[in-house]
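Structure first, then comments.
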Amino acid sequence: MMFPWITVLTATPVAGALALLVAGERNKNLTRWLALAFSLVALLLTLLLWHRFDPATGSLQFQEHYTWVPALAIEYHVGIDGLGLLMLALSSIVVPIGMAASWKIEERVPLYFALMLLLQTCLFGTFTALNFVHWFTFWELSLVPAFFLIKLWGGPRRTPAATQFLVYTMVGSIAMLLAFLALYLATGTFDFIELTQLAGNGNLMPIVLAKLAGHHLMLHHLPMVLFAGVFLGFAVKVPLIPFHTWLPSTYAEAPTGATILLTGAMSKMGLYGFLRILLPLFGPQMRAVLTPLLWLAVATVVLSAYAALAQKDLKRIFAYSSINHLGYCLLGIFAVAKFTGGDMSLIAQKYAAMDGVLLQMFNHGLTAAVIFWFIAMLEARSGLRGLNDFGGLRKVAPVFTGLMGIALFSSLGLPGLNGFIGEFLIFKGSFPLVTWATALSVIGLMLTALVILGILQHVFTGPLNQKWKDFPDLTTVEQISLAPAIGLMFALGLYPQLVLGVVNNTVIQMVQQLKF
């Protein structure tokens, strides 16, 4: 019997959370180190999965399949391909970063770090589950630790921010649940693989229409109604404009460790849903409304960058910047959805765009997490995080300035750093497929440059504000803690094949499922 790698990985953070709650408040420092240790064990298990993963095949690996509630077709079915493995790796990296950024938390320390570990379990479950009910359980449970992290440790407006976050995402989830219940009534299965095969053969919607014909629904519009329900659940999570209004206040009010998990990993749950569920099951419906979807993607890229340019709070700046960067992923996904027939040159561009989407998901998660970590250190040293609160910090904190500058230039997409190649592949692949949308999205790149350069100018350059003449530079421990993440930015920027070599065959299979 094959070793249950995914089950063990998913259970590890839960075990850590229980250990923290049992240990209690007796030794806060020990609690922090114990939480970090469990997160590093999860990272080690993920690296073992990466080592054992066979990149030569794009099919699912490490599958575990057990009957759960057979009367309702609910099964414990997990497995990963290149996409799932990449998201597991991202989750395993982001959580230790979030813990490091939360090291100074003093209130209810065991509960805080236990909630972070529980959120990590929900991420692992979401990125590995292949049965809708199993997957939806983790999808919804992730809201609970995130809500309490914001509600209990957030800023002065944490209560409305946490409530808005919960309500928005719950509404999207309810719409998605209703759509999948309709699919189950028609097909008798919740299994993503079976549903994808039905959709790939062109049988899914005919079966749905035939089985639900007696329910007096508007049959002609039913496939589009189901698509809209599933789309809403994922669009809110990413988020896609205009479903984004919960995000800026949530990111700004959440404790920085929670913000890191929200932007680094939870936003990728929405993109993962687009790739794993929406695109394979509802490809024809996406193509039917492709032009409006592309306009929404362009708006997500451009308007969020404009909004970031108008902000003065560093956390709100990068909240909008995160929407901007995720908009590139949506542009690539919608471009791949376009029907191109048998034109092999355009199919090759779809492969490039999809490779770019997966790289951008990982790279944005890493870079955004590190930037918010720097903001946490900036706030811990000064008690402030306003764009105009500083000035000239490079003179007193050159190491801080240099390392944060690397993360900022990664977000900018500087060649040689990890942020460049994903965006380049998305634009390269999307331009021949959806030329007008890609051209308009370039405006977002220029605005992002203005945002990043404005931060460098206001915070780090110019004359030193004498208020900060004793501003402390990074300690040796902080530099050592940051080194792996900064090193990974360079490694992926100079050798993106570290990721592309693992996901490429998965990308090929995902594109081929769309029948071009």
Side-chain angles (χ1 to χ4, degrees), residues 3-23 27-53 62 80 84-105 109-128 142 145 149 255-266 268 362 365-370 372-374 376-377 475-489 491-492 498-499 502:
F3 185 77
W5 286 103
I6 292 176
T7 298
V8 172
L9 174 63
T10 306
T12 296
V14 174
L18 293 174
L20 295 182
L21 294 175
V22 170
N27 189 327
K28 293 180 180 179
N29 207 39
L30 178 62
T31 298
R32 297 184 185 98
W33 282 107
L34 186 61
L36 183 61
F38 273 97
S39 71
L40 293 178
V41 169
L43 176 58
L44 178 61
L45 289 171
T46 305
L47 292 175
L48 286 172
L49 279 174
W50 191 286
H51 176 70
R52 291 172 174 267
F53 185 81
F62 308 106
I80 54 171
L85 179 64
L86 193 62
M87 293 300 98
L88 289 182
L90 178 61
S91 303
S92 299
I93 292 170
V94 165
V95 171
I97 291 176
M99 289 182 176
S102 307
W103 209 254
K104 301 298 184 182
I105 290 286
V109 174
L111 179 60
Y112 181 91
F113 285 96
L115 289 172
M116 294 193 79
L117 288 170
L118 289 174
L119 182 52
Q120 185 176 40
T121 282
C122 295
L123 292 168
F124 288 158
T126 302
F127 294 137
T128 58
S142 67
L149 284 168
T256 302
T259 303
I260 286 171
L261 267 63
L262 287 167
T263 188
M266 284 192 73
K268 310 309 179 292
F362 185 87
L366 172 65
T367 300
V370 172
F372 278 108
W373 188 5
F374 274 113
M377 289 189 283
T475 65
T476 302
V477 172
E478 288 172 332
Q479 293 177 43
I480 293 172
S481 301
L482 285 161
I486 299 295
L488 190 56
M489 289 181 188
L492 292 174
L498 285 172
V499 168
V502 172

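Any value given below was found using the heavy atoms of this structure, including those in side chains, with hydrogens, waters and symmetry copies removed.
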Criterion side-chain contact (heavy atoms from CB on, under 4.5 Å) against [X], the qualifying member of [options]:
X      : options                        : answer
Leu149 : Thr259, Leu262, Leu111, Leu115 : Leu115
Ile80  : Leu9, Thr128, Leu86            : Thr128
Ile260 : Val95, Val94, Val370           : Val94

Please examine the side chains of [Y] and [X], heavy atoms only from C-beta on, and report whether any two atoms are closer than 4.5 Å.
X      : Y      : value
Thr256 : Ser102 : no
Trp103 : Asn29  : yes
Leu34  : Phe113 : no
Arg52  : Phe62  : yes
Phe372 : Ile97  : no
Leu118 : Pro13  : no
Leu117 : Thr121 : no
Ile105 : Arg32  : no

Non-hydrogen atoms of [X] and [Y] that approach each other most closely:
X      : Y      : value
Leu119 : Ser142 : CD1-O, 3.5 Å
Ala265 : Phe127 : O-CZ, 4.1 Å
Leu90  : Lys268 : CD2-CG, 3.7 Å
Ala15  : Phe38  : C-CE2, 4.1 Å
Ser91  : Gln120 : O-NE2, 3.6 Å
Gly98  : Met116 : C-CE, 3.6 Å

To the nearest 0.5 Å, what is the distance between [atom1] on [X] and [atom2] on [Y]?
X      : Y      : atom1 : atom2 : value
Phe362 : Met87  : CZ    : CE    : 7.5 Å
Met489 : Thr367 : CE    : OG1   : 4.5 Å
Leu45  : Ser92  : CG    : OG    : 8.5 Å
Thr476 : Glu478 : OG1   : CD    : 9.5 Å
Leu43  : Leu88  : CG    : CG    : 11.5 Å

